[in-house]
Asks: 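Pasting in a structure now, in structure tokens, and then I'll have a few things to ask.
Values in this document were obtained by computation on a predicted structure and should not be read as measured data.
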Amino acid sequence: MPKALQPHPDRAFPAGEARDVARRIHASTKDLPLLCLHGHVDIGLFATDAPLGNPAELLVVPDHYVTRMLISQGVSPDKLGLPRRDGKQTAEPREIWREFCANWHLFLGTPSRYWLEHEFAEVLGLTVHPSAETADELYDQIVARMAAPEFRPRALLDRFNIELISTTDAATDDLAQHAKLAADLPGRVVPTFRPDAVAHPDRAGWPDLVAQLGTLADIDTTTYDGFLEALRQRRQAFVAAGARATDHGHLSTAAVPLSDAEAARIYSGALKGDVTADDAAAFAGHMLYQSAVMSAEDGLVMQLHPGVLRDHDPAIFATYGPDQGHDIPVATEFTRSLRPLLERFGHADGFRIVLFTVDETVYSRELAPLAGVYPAVRLGAPWWFLDSPDGMRRFRELVTETAGFYNMSGFVDDTRAYLSIPARHDLARRIDAGYLANLVVQHRLDEDDALQVAKALAYDLAKDTYL
């Protein structure tokens with residue numbers, strides 16, 4: 001008989017006497033609206049409102065958590081449908097789904113398992129676990145669900161109780177899809193400005209991207225001054241489209257300003273294809289600082305999530321292109337690298353920066369003390385490799401005593417996987433309920449205070465940080 005799919009109502013809660021307290025705290029937050037202000041869901045889903053597609057396209061191919069686990073066990077990326085640079089056909093959707101279901105056991109103990117079980121049971125209404133034997137049955141059930149009007153992307157905004165969701169958009173995005181959507185769902189889906197591609201002059205195609213930026217802004221970007229002005233103009237276009245924040249995925253946190261002459265020298269050389277790795281890194285750090293200058297001017301919240309070495313496997317990059325989940329964390333330093341930026345803007349009215357990391361070693365040593373002294377700094381939720389039950393608990397344990405609760409940004413889901421958003425917020429709310437419940441039973445926090453903090457972590461702090 002297929003194994004029944006029945007997520008436990010007390011999942012992720014602590015054991016012992018804290019469990020009853022955690023239940024009460026979670027009950028007070030589980031129905032609060034979702035503010036999804038740092039995410040990567042494709043704007044095209046909402047702009048077209050087309051059916052979400054087959055199970056492979058929806059739940060396997062775009063989910064790096066899923067594909068990297070299967071690849072680590074020897075499954076070929078072709079069998080998982082990763083699109084190839086050469087355009088050659090990979091596996092058919094049903095075959096991809098069968099591969100995933102046959103390897104369902106690989107996800108035991110991972111946050112992916114938690115999220116997927118939540119999606120399967122509570123979003124899709126499935127009643128049995130994936131397996132080689134149930135793969136086709138589940139595939140057909142999900143296809144039928146996705147064809148129903150209540151599973152269209154816009155309808156799910158209401159079903160998921162999403163009050164506001166942001167997408168992540170390049171500086172060179174013309175925002176046409178956002179303009180279309182604003183007429184239909186005003187103020188519900190907003191862009192986030194991500195200038196990474198034009199901030200790193202050693203990236204492939206950088207001169208063309210800079211030219212595209214100039215065309216969109218109607219500004220000559222053959223000079224460094226024109227480049228800065230074009231960025232300001234594009235930021236204003238994002239603000240007009242409802243943007244609340246910028247997003248910066250630099251490898252390093254270095255935010256060290258260059259002189260105008262030095263920045264112009266590097267910029268001019270890079271346009272001609274002449275830029276060293278050291279100059280490119282210096283320019284990227286300079287642009288991180290300049291982004292803070294611009295955020296102080298226009299009020300966009302600055303989000304920084306450094307410390308991931310992208311596209312670690314050159315063979316995967318060569319065959320399948322960038323951003324295929326082969327990203328590996330590296331040690332990250334914040335205290336010295338951000339000092340020039342925080343010296344100028346750490347106490348500035350109207351400026352806010354949210355710091356994320358995948359390097360747990362800096363939680364109590366650097367991040368909590370920075371948030372505990374600079375009014376402009378908020379700590380972002382654990383993400384990528386750390387948005388797991390134990391990762392979230394460790395984050396709370398390591399930062400709260402120094403930074404307190406109210407120097408946090410609130411939970412952000414940081415996902416491309418639309419159907420997983422409710423599961424991710426639910427897990428965060430359960431972990432926070434358990435953490436607070438332990439403080440209550442240790443008589444370190446009154447339950448009334450715990451209820452207030454739980455609401456802040458689930459909703460109020462995200463609103464305060466971004467809105």
Side-chain angles (χ1 to χ4, degrees), residues 37-38 245 247-255 288 292 295 301-308 329-348 351-414 427-429 431-440 442 444-445 449-450 452-466:
L37 292 167
H38 179 99
D247 187 26
H248 308 269
H250 292 218
L251 178 63
S252 165
T253 60
L288 201 57
S295 279
V301 176
M302 189 173 177
Q303 300 177 108
L304 176 60
H305 51 93
V308 176
V330 296
T332 309
E333 191 276 335
F334 288 82
T335 303
R336 293 182 177 88
S337 296
L338 285 180
R339 191 174 187 181
L341 186 156
L342 293 175
E343 281 180 334
R344 181 169 176 185
F345 300 111
H347 296 270
F351 176 76
R352 177 153 293 164
I353 184 168
V354 181
L355 302 179
F356 298 86
T357 186
V358 287
D359 181 358
E360 293 189 61
T361 69
V362 300
Y363 280 165
S364 58
R365 185 182 68 245
E366 299 188 44
L367 290 182
L370 286 171
V373 68
Y374 286 103
V377 175
R378 294 289 182 270
L379 298 188
W383 68 287
W384 204 182
F385 296 92
L386 305 178
D387 48 4
S388 60
D390 290 333
M392 291 177 181
R393 288 191 191 99
R394 290 192 297 269
F395 175 78
R396 287 275 171 256
E397 291 167 355
L398 290 169
V399 303
T400 302
E401 290 182 328
T402 299
F405 291 113
Y406 290 88
N407 282 316
M408 309 295 171
S409 72
F411 182 72
V412 294
D413 45 76
D414 186 54
L427 176 59
R429 292 173 183 189
I431 295 303
D432 286 340
Y435 177 78
L436 293 166
N438 280 321
L439 295 184
V440 170
Q442 293 168 21
R444 297 168 59 191
L445 202 67
D449 289 332
Q452 180 179 337
V453 170
K455 179 175 181 288
L457 294 173
Y459 180 79
D460 295 340
L461 286 171
K463 196 164 191 175
D464 177 69
T465 298
Y466 292 95

Asks: What closest approach, in Å, do Gly391 and Pro382 show between heavy atoms, and which atom pair accounts for it?
Replies: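 Looks like O-CG, 4.3 Å.
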Asks: Flag the pair His248 / Gln303 as yes when at least one side-chain heavy-atom distance between them is below 4.5 Å, and no otherwise.
Replies: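 No - every pair of side-chain heavy atoms lies 4.5 Å or more apart.
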Asks: Quick one: does Ser337's side chain have a donor or acceptor within less than 3.5 Å of a partner on Thr335's backbone?
Replies: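 Between the backbone of Thr335 and the side chain of Ser337 there is no qualifying donor-acceptor contact (under 3.5 Å).
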Asks: If I compare all heavy atoms of Leu367 with all of Leu355, which pair ends up nearest, and what's the gap?
Replies: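 For Leu367 and Leu355, the tightest heavy-atom pair comes out as CD2-CD1, 3.9 Å.
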Asks: Charged N to carboxylate O below 4.0 Å: is that the case for Arg365 and Glu360?
Replies: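 No, this pair does not count.
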Asks: Please assess Phe395 against Leu386 for the test side-chain contact (heavy atoms from CB on, under 4.5 Å), listing each intermediate value before the final yes or no.
Replies: CA-CA 9 Å; Phe395 175 78; Leu386 305 178; over 6 Å; no
Asks: Kindly indicate whether the side chain of Asp432, heavy atoms from C-beta on, has any atom under 4.5 Å from the side chain of Arg396.
Replies: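 Result yes, sub-4.5 Å side-chain heavy-atom pair found.
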Asks: Check step by step if side-chain contact (heavy atoms from CB on, under 4.5 Å) holds for Asn407 and Leu379.
Replies: CA-CA 6 Å; Asn407 282 316; Leu379 298 188; 5.6 Å; no
Asks: Can you check whether Ile353 reaches Val301 side chain to side chain, under 4.5 Å on heavy atoms?
Replies: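 Heavy-atom side-chain distance check fails, nothing below 4.5 Å.
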Asks: Does the side chain of Met408 reach to within under 4.5 Å of the side chain of Val399, using non-hydrogen atoms?
Replies: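 Answer yes - side chains close enough.
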Asks: Do Arg352 and Val377 have side chains that approach each other closer than 4.5 Å (heavy atoms only, starting at C-beta)?
Replies: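 Result no, sub-4.5 Å side-chain heavy-atom pair not found.
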Asks: Would you check, one step at a time, whether the test side-chain contact (heavy atoms from CB on, under 4.5 Å) holds for Met302 with Asp247?
Replies: CA-CA 6 Å; Met302 189 173 177; Asp247 187 26; over 6 Å; no
Asks: Could you tell me whether a side-chain N or O of Thr253 sits under 3.5 Å from a main-chain N or O of Glu333, the two making a donor and an acceptor?
Replies: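 Side chain of Thr253 to backbone of Glu333, a donor-acceptor pair under 3.5 Å: yes, one is there.
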Asks: So which atom in Ser409 and which in Ala381 form the shortest heavy-atom distance, rounded to 0.1 Å?
Replies: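 Result for this residue pair: OG-N, 3.9 Å.
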Asks: Heavy atoms, side chains only, cut-off 4.5 Å: are Asp387 and Met392 in contact?
Replies: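 Counting from C-beta outward, Asp387 and Met392 do come under 4.5 Å.
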Asks: Between Phe334 and Leu370, what is the shortest heavy-atom contact and its length?
Replies: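 For Phe334 and Leu370, the tightest heavy-atom pair comes out as CB-CD1, 3.9 Å.
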Asks: Are any of the side-chain heavy atoms of Asp464 and Tyr459 separated by less than 4.5 Å?
Replies: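 Asp464 vs Tyr459: side chains apart.
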Asks: Is any side-chain heavy atom of Tyr363 less than 4.5 Å from a side-chain heavy atom of Glu397?
Replies: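 Of all side-chain heavy-atom pairs linking Glu397 with Tyr363, none is under 4.5 Å.
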Asks: For the rings on His38 and Phe356, is their centre-to-centre separation under 6.0 Å?
Replies: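 Between Phe356 and His38, which both carry aromatic rings, the centre distance is below 6.0 Å.
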Asks: Relative to the ring of Phe351, is the ring of Phe345 parallel (under 30°), tilted (30 to 60°) or perpendicular (over 60°)?
Replies: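 Aromatic pair Phe345/Phe351 classed tilted.
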Asks: Which heavy atom of Phe405 sits nearest a heavy atom of Leu461, and at what distance?
Replies: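 Taking Phe405 first and Leu461 second, the nearest heavy atoms are O-CD1, 3.3 Å.
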Asks: Using the side-chain contact (heavy atoms from CB on, under 4.5 Å) rule, take Leu445 and Leu436 through it: C-alpha gap first, then chi angles, then the decisive distance, then the call.
Replies: CA-CA 8 Å; Leu445 202 67; Leu436 293 166; 3.7 Å; yes
Asks: Considering non-hydrogen atoms only, spot the tightest contact between Leu338 and Ala255 and give its length.
Replies: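 Smallest heavy-atom distance, with atoms named: CD2-CB, 4.3 Å.
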Asks: Within this structure, what is the CD-CG distance for the pair Gln452 and Leu457, rounded to the nearest 0.5 Å?
Replies: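 It comes to 10.5 Å.
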Asks: Whether the side chain of Asp359 engages the backbone of Ala331 through a donor-acceptor N/O pair (distance < 3.5 Å, no angle test) should be reported.
Replies: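 Checked: no pair found.
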Asks: Nearest 0.5 Å please: distance from the CZ atom of Arg393 over to the CD1 atom of Ile431.
Replies: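 These two atoms lie 3.5 Å from each other.
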